[in-house]
Amino acid sequence: MRLGIYPGTFDPVTNGHLDILKRASKLFDKIIIGVAVDSDKKTLFDIDHRVEFMKDAVKDISNIEVEAFSGLLMHFTESKGAKIIIRGLRAVSDFEYEFQLALMNKNLNDSVETMFLTTSSEYTFLSSTIIKSVVKLNGEIKGLVPEKVEIALKDIYKKGD
Ligand code: COA
């Protein structure tokens, strides 16, 4: 079975992540989305919310599962018996970080490969951070994130007014 791990912080999931996932789901028998508890980022949403938003966003794609993981991505990947980590590449600016991540993971386990899919052009400018910044300043994010995420974000920043 071709099994892929799609890891990320997903704080929150955006339609850019979903674009990668929908396309990857056609290339793999099964994808496990690993929502990282331990990332270097201070997150807006706690792990339960990040997992819940992701589960809801992919509920109609039958070969995708969502799980939180803590500790090293490589240990999570090994525990699932997966041999491929899937990452999205948006622009040249992603390259250096992604290259470093992929090489470190390769160093940890040489039998696991990182596979990159290029993000569709309409989402290359998207990031979770830019979404949060725009909502905070009352900007419109319709069509860029799942509806439940949009509602939750607007709710948080309305309360913060
Ligand atoms: N469309 C839109 N945005 C995208 C995207 C796409 N296709 N692909 C990535 N992004 C954005 C994300 O929104 C995120 O934006 P942000 O920085 O504003 O939050 C950014 O690109 C990258 O985030 P993401 O894809 O969620 O990955 P990450 O860099 O947050 O996650 C982990 C990195 C979780 C994979 C890494 O920290 C990890 O492996 N952690 C576990 C601990 C570990 O093993 N560490 C050692 C690693 S060698």
Side-chain angles (χ1 to χ4, degrees), residues 4-28 31-55 57-58 61 64-80 82-137 139 141-146 148-150 152-153 156-157:
I5 302 290
Y6 183 58
T9 311
F10 307 117
D11 184 44
V13 53
T14 70
N15 287 352
H17 297 127
L18 296 176
D19 162 63
I20 297 283
L21 275 165
K22 280 177 196 154
R23 287 161 47 220
S25 69
K26 295 180 187 139
L27 305 173
F28 288 83
I31 293 176
I32 300 174
I33 301 172
V35 184
V37 174
D38 305 308
S39 89
D40 297 330
K41 297 170 183 171
K42 188 186 167 338
T43 59
L44 177 66
F45 292 106
D46 64 23
I47 185 66
D48 292 342
H49 281 100
R50 286 183 281 134
V51 168
E52 191 185 310
F53 288 137
M54 186 56 102
K55 277 190 174 162
V58 298
I61 310 177
I64 297 186
E65 288 175 11
V66 186
E67 267 185 50
F69 76 96
S70 46
L72 275 184
L73 168 61
M74 189 50 73
H75 291 162
F76 177 66
T77 304
E78 288 164 352
S79 75
K80 297 293 165 190
K83 292 287 175 204
I84 304 178
I85 294 169
I86 306 160
R87 294 287 289 170
L89 263 189
R90 289 163 302 172
V92 181
S93 50
D94 279 343
F95 183 78
E96 206 174 316
Y97 172 63
E98 291 298 336
F99 197 61
Q100 191 183 27
L101 212 63
L103 287 181
M104 179 50 91
N105 282 323
K106 191 98 187 119
N107 196 264
L108 291 168
N109 184 339
D110 195 31
S111 71
V112 173
E113 297 290 346
T114 301
M115 192 181 105
F116 294 100
L117 290 187
T118 48
T119 303
S120 296
S121 54
E122 66 260 47
Y123 299 122
T124 46
F125 66 96
L126 262 191
S127 74
S128 300
T129 302
I130 205 167
I131 287 287
K132 287 176 275 191
S133 308
V134 169
V135 182
K136 205 171 178 175
L137 300 172
I141 52 159
K142 208 170 268 309
L144 300 177
V145 292
K148 287 197 177 160
V149 170
E150 183 187 335
L153 279 171
I156 287 174
Y157 289 116

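Each ligand, and each atom within it, is numbered from 1 in the order the structure gives. Every heavy atom of this structure was used, including side-chain atoms; hydrogens, water molecules and symmetry mates were not. The model shown is predicted, which means the values in this text are computed figures rather than measured ones.
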Correct closest heavy-atom pair for Y6 and R87 would be CE1-CA, 4.4 Å
K41: partners by salt bridge (Lys or Arg N to Asp or Glu O under 4.0 Å), with sequence neighbours left out:
none
So if I only count non-hydrogen atoms and take anything under 4.0 Å from ligand 1, which residues does that give, chain by chain?
P7, G8, T9, F10, T14, G16, H17, I20, A36, D38, K41, F69, G71, L72, L73, R87, R90, Y97, L101, M104, N105, T119, L126, S127, S128, T129
Judged by atom type as modelled, is there a donor-acceptor pair below 3.5 Å linking the side chain of T14 to the main-chain atoms of G16?
yes
Among L18, T119, I86, T118, which residue meets the side-chain contact (heavy atoms from CB on, under 4.5 Å) test with R23?
T118
With sequence neighbours left out, write down each residue that passes side chain to side chain donor-acceptor pair (under 3.5 Å) with S70, or none if nothing qualifies.
none
Would you please name every residue forming a side chain to side chain donor-acceptor pair (under 3.5 Å) with D110, sequence neighbours left out?
K106
